[in-house]
Amino acid sequence: MGVEVVLRTDVGVEGGQVDSAARHGYTLGTGADAPGRFSRGPTWQPPPDVRNNARMRIHVAADHAGFELKAALVDHLRDAGHEVVDHGAHAYDSQDDYPPMCLAAGEAVVADPGSLGVVIGGSGNGEQIAANKVDGVRAALAWNLDTARLGRQHNDANVIAVGARQHTVAEALSFVDAFVAEPFSGDPRHQRRIDLLAQYEASRS
Ligand SMILES: O=C(CO)[C@H](O)[C@H](O)COP(=O)(O)O
């Protein structure tokens, strides 16, 4: 059964909204029964599920605070058979700023359905905030195994943010492993909430 999203009537349906909705797999209904409604039809399929042991393409980014952890993570993920795309920083610079790298990783994830992202900083807060500025990104800040897994199970998060100054390298790697291995539950209540976020994004573009 398709997922239907009803737009707020006060925002109108502009071309940008249609484009944004299309990026999320929605089409605008024109029939008498669904005028002005975005819906995902019965044939719509989500991007390939993230299954345990599946080989993934993973987009990573970090500022100076996450630089060393990123290097360890890239090796760790490649050793596990994943394809890693590194969006920087490509050299250590104690004065660099996290937004450009995290925005680049977020945009790459959205442009690459089925992929995941990892953004790393000192706390992970700013990195999560930056990634979430990209339409289509759902970035979860993970600070233990449970929050890493729940980011996938409940939120279908496609990006995980980690604070390199908050954890040992081994802990941080285990959060990413847990995130990558965990599938979205697909529970209708979670999907409904995710759809409301997509509706909000579509309504403001
Ligand atoms: O975690 C971060 C953002 O949320 C940054 O990595 C952190 O703010 C960098 O701090 P500093 O410039 O003092 O090294």
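These numbers were taken from a predicted model, which means no experiment stands behind them. Whatever order the structure lists ligands and atoms in, that order sets their numbers, starting from 1.
The two residues Ser123 and Gln166 have their closest heavy-atom pair at CA-NE2, 3.7 Å.
Note on ligand 1: His64 sits in its first shell, one or more heavy atoms being nearer than 4.0 Å. Residue contact check for ligand 1: Gln128 places no non-hydrogen atom closer than 4.0 Å to it.
In this structure, the protein non-hydrogen atom closest to atom 6 (O) of ligand 1 is Asp63 OD2, 2.6 Å.
Considering both main-chain and side-chain atoms, Ala65 never comes within under 3.5 Å of ligand 1 through any nitrogen or oxygen pair. On a distance-only criterion, Gly121 and ligand 1 share no N/O pair closer than 3.5 Å. Polar contact check, Tyr98 against ligand 1: no nitrogen or oxygen pair lies under 3.5 Å apart.
In this structure, Tyr92 and Phe67 have perpendicular ring planes: the angle between them is above 60°, well past the 30° mark.
With contacts defined as side-chain heavy-atom distances shorter than 4.5 Å, the pair Arg57/Val85 qualifies. For the pair Val110 and Glu107, the minimum side-chain heavy-atom distance is 4.5 Å or more.
Residues Thr147 and Asn144 have side chains that bring a donor and an acceptor to within less than 3.5 angstrom of each other. Under the 3.5 Å distance criterion, with hydrogens and angles disregarded, no donor-acceptor pair is assigned to the side chains of Gln199 and Asp195.
Nearest to atom 10 (O) of ligand 1 by heavy atom, out of Gln95, Glu127, Gln166, Arg165, is Arg165.
Less than 4.0 angstrom separates atom 4 (O) of ligand 1 from at least one non-hydrogen atom of the protein.
For ligand 1, the atoms lying closer than 4.0 Å to a non-hydrogen atom of Gly122 are 1 (O), 2 (C), 5 (C), 6 (O).
The local environment of CD in Glu68 is sparse, with at most 12 non-hydrogen atoms from other residues, nucleotides or ligands closer than 6.0 Å.
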